[in-house]
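Below, each value reflects all heavy atoms present in this structure, side chains not excepted, and no hydrogens, waters or symmetry copies. On a predicted model such as this, the values are computed, not experimentally measured, just so you know.
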Amino acid sequence: MPLTFLSLGSGSCGNCYYIATDTDAIIVDCGVGIRRFKKNMAEYGMKIAKVRAILVTHDHSDHIKAAGKISREFKIPVYATQTVHDGMYRNWMMTDKVAEEFRHSINTCETFSVGDFNITAFPIPHDASENVGYHIEVGDVRFTIMTDVGDVTEYVSQYISKSTHLILEANYDEDMLRQGRYPKKLQTRISCGTGHLSNVKTANALVQNFHENLKHVWLCHLSEENNHPELARKTVESILRGYGIIAGVDFTLDILRRKIPTGPFTL
């Protein structure tokens with residue numbers, strides 16, 4: 001069955017991704033404000049009534065800000081590991097907590113079903129209480145979301161290699177980070193292995209795990225300070241081209257915008 005994918009925002013100002021079949025939908029992360037969420041959903045004709053679950057990757061504010069409000073207002077269950085649920089409860093910037101009745105705890109590497117979706121969470125290194133990616137299967141579509149990726153681990157490689165559609169972080173350009181205004185301590189936090197992926201590391205991960213069934217890649221969570229959409233695109237395309245993998249021919253490459261929606265895409 002066809003899937004619809006819409007990114008409502010991807011970056012430190014707020015992350016939220018909507019994936020839908022004809023009858024069911026899920027949201028991954030709710031880091032945009034509830035007014036913006038409602039406005040964007042209405043503008044793009046996306047039905048909140050179809051949403052069967054909110055999946056949360058980790059407990060940083062740009063991924064959870066409106067999860068409690070949206071869950072309560074629309075009576076949508078929130079799925080996260082227990083560690084992430086605990087982290088959300090402690091996060092003082094999340095003023096509206098997820099109500100107990102809507103909390104669903106999941107375990108990494110165990111598949112569960114929500115409506116039309118078969119979903120598996122898997123661990124991703126990042127300096128949150130815990131961080132997971134989500135692998136979502138519907139028919140022949142294998143859709144994976146990996147954001148705030150500190151390093152390319154075995155799990156990261158594994159899920160790139162089994163995806164037909166992939167959202168993967170390309171947070172920073174190494175030269176822009178090194179030469180920019182961020183203090184050394186923050187630069188180290190970003191690049192140390194529990195922070196974020198650079199354009200080059202993302203490109204190399206794609207090279208090492210590319211396969212003929214990979215149809216579409218979206219680069220996500222680009223830094224406003226230390227990256228630029230066209231720079232990320234050109235870096236990734238250039239490195240892939242060096243290995244004979246051509247964006248636009250072998251697969252489609254898109255950039256998810258930071259503060260406004262990207263899409264919708266039909267998968």
Checklist entry - Stepwise, does the side chain to side chain contact (heavy atoms under 4.5 Å, CB included) test hold for Leu253 with Val236? => result CA-CA 9 Å; Leu253 180 67; Val236 170; 4.2 Å; yes
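- Listed here is the closest heavy atom pair of Thr4 and Met46: CG2-CE, 3.7 Å.
- Heavy-atom neighbours of Glu212 CD from other residues, nucleotides or ligands within 6.0 Å: at or below the threshold of 12.
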Checklist entry - Can Arg189 and Asp127 be said to form a salt bridge (Lys or Arg N to Asp or Glu O under 4.0 Å), step by step? => result CA-CA 9 Å; Arg189 182 239 159 190; Asp127 56 2; 2.6 Å; yes
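- With Asn15 as reference, Asp62 is the one residue of Asp62, Asp29, Asp148 to meet the side-chain hydrogen bond (donor to acceptor under 3.5 Å, both in side chains) rule.
- Surrounding CZ of Phe112 are more than 12 heavy atoms belonging to other residues, nucleotides or ligands, all under 6.0 Å away.
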Next on the checklist: Go through it in stages, so that I can follow the logic: the residues are Leu186 and Thr188, the test is side chain to side chain contact (heavy atoms under 4.5 Å, CB included), and I'd like the CA-CA distance, side-chain angles, deciding distance and then a yes or no.
Outcome noted: CA-CA 5 Å; Leu186 182 53; Thr188 301; over 6 Å; no
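- Of the listed residues (Val138, Ile26, Thr111), just one forms a side-chain contact (heavy atoms from CB on, under 4.5 Å) with Ile119, and that residue is Ile26.
- Interatomic distance, Ser61 OG to Trp92 CH2, rounded to the nearest 0.5 Å: 7.5 Å.
- Separation of the His126 and His63 ring centroids does not fall under the 6.0 Å cut-off.
- Residues Tyr134 and Phe143 keep their aromatic ring centres 6.0 Å or farther apart.
- A side-chain N or O of Asp116 and one of Thr21 form a donor-acceptor pair less than 3.5 Å apart.
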Checklist entry - Please walk me through it: do Glu73 and Lys38 pass salt bridge (Lys or Arg N to Asp or Glu O under 4.0 Å)? => result CA-CA 11 Å; Glu73 181 166 343; Lys38 291 179 178 179; 2.7 Å; yes
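- Atom CD1 of Ile145 is separated from atom OH of Tyr159 by 13.5 Å, given to the nearest 0.5 angstrom.
- A side chain to side chain donor-acceptor pair (under 3.5 Å) check over residues 190-207, counting only residues at least two apart or in different chains, returns the pairs Glu169-His196, Glu174-Ser198, Asn199-Asn227.
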Checklist entry - When you look at Glu137 and Val141, which way does the side chain to side chain contact (heavy atoms under 4.5 Å, CB included) test go after all the steps? => result CA-CA 6 Å; Glu137 296 189 358; Val141 174; over 6 Å; no
Checklist entry - Step by step, would you call Asp24 with Phe117 a side chain to side chain contact (heavy atoms under 4.5 Å, CB included)? => result CA-CA 8 Å; Asp24 299 317; Phe117 306 93; 3.9 Å; yes
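- The pair Glu237-Lys234 does not count as a salt bridge, with every side-chain nitrogen at least 4.0 angstrom from each carboxylate oxygen.
- Atom OH of Tyr155 has 12 or fewer neighbouring heavy atoms from other residues, nucleotides or ligands inside a 6.0 Å radius.
- One side chain, His135 or Thr144, offers a donor N or O that lies under 3.5 Å from an acceptor on the other.
- Aromatic pair Phe251/Phe210: centroids less than 6.0 angstrom apart.
- Side-chain polar atoms of Thr164 and Asn213 form no donor-acceptor pair below 3.5 angstrom.
- In summary, the aromatic rings of Tyr17 and Trp218 are positioned with their centroids too far apart to meet the 6.0 Å limit.
- Among all heavy-atom pairs drawn from Gly87 and Asp59, the shortest one is CA-OD2, 3.0 Å.
- Distance check, rounded to the nearest 0.5 Å: CG of Leu231 to CG of Asp175 gives 9.0 Å.
- Atom CG in Asp86 sits 4.5 Å away from atom CD in Gln82 (nearest 0.5 Å).
- Within a 6.0 Å sphere centred on OH of Tyr89, heavy atoms belonging to other residues, nucleotides or ligands number 12 at most.
- Donor-acceptor pairing under 3.5 Å is lacking for the side chains of Asp173 and Thr235.
- In this structure, the side chain of Lys97 engages the main chain of Met88 through a donor-acceptor pair within 3.5 Å.
- Leu267 CG to Asp140 CG: the interatomic distance, rounded to the nearest 0.5 Å, is 12.5 Å.
- Of the listed residues (Thr57, Thr81, Thr108), just one forms a side-chain hydrogen bond (donor to acceptor under 3.5 Å, both in side chains) with Glu130, and that residue is Thr81.
- Side-chain atoms of Asn171 and Ser223 include no donor-acceptor pair closer than 3.5 Å.
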Next on the checklist: Go through it in stages, so that I can follow the logic: the residues are Glu101 and Lys75, the test is salt bridge (Lys or Arg N to Asp or Glu O under 4.0 Å), and I'd like the CA-CA distance, side-chain angles, deciding distance and then a yes or no.
Outcome noted: CA-CA 9 Å; Glu101 62 188 294; Lys75 296 181 170 46; over 6 Å; no
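- Other residues, nucleotides and ligands place no more than 12 heavy atoms under 6.0 Å from the CD atom of Glu154.
- No side-chain N or O of Ser129 forms a donor-acceptor pair with one of Thr83 less than 3.5 Å apart.
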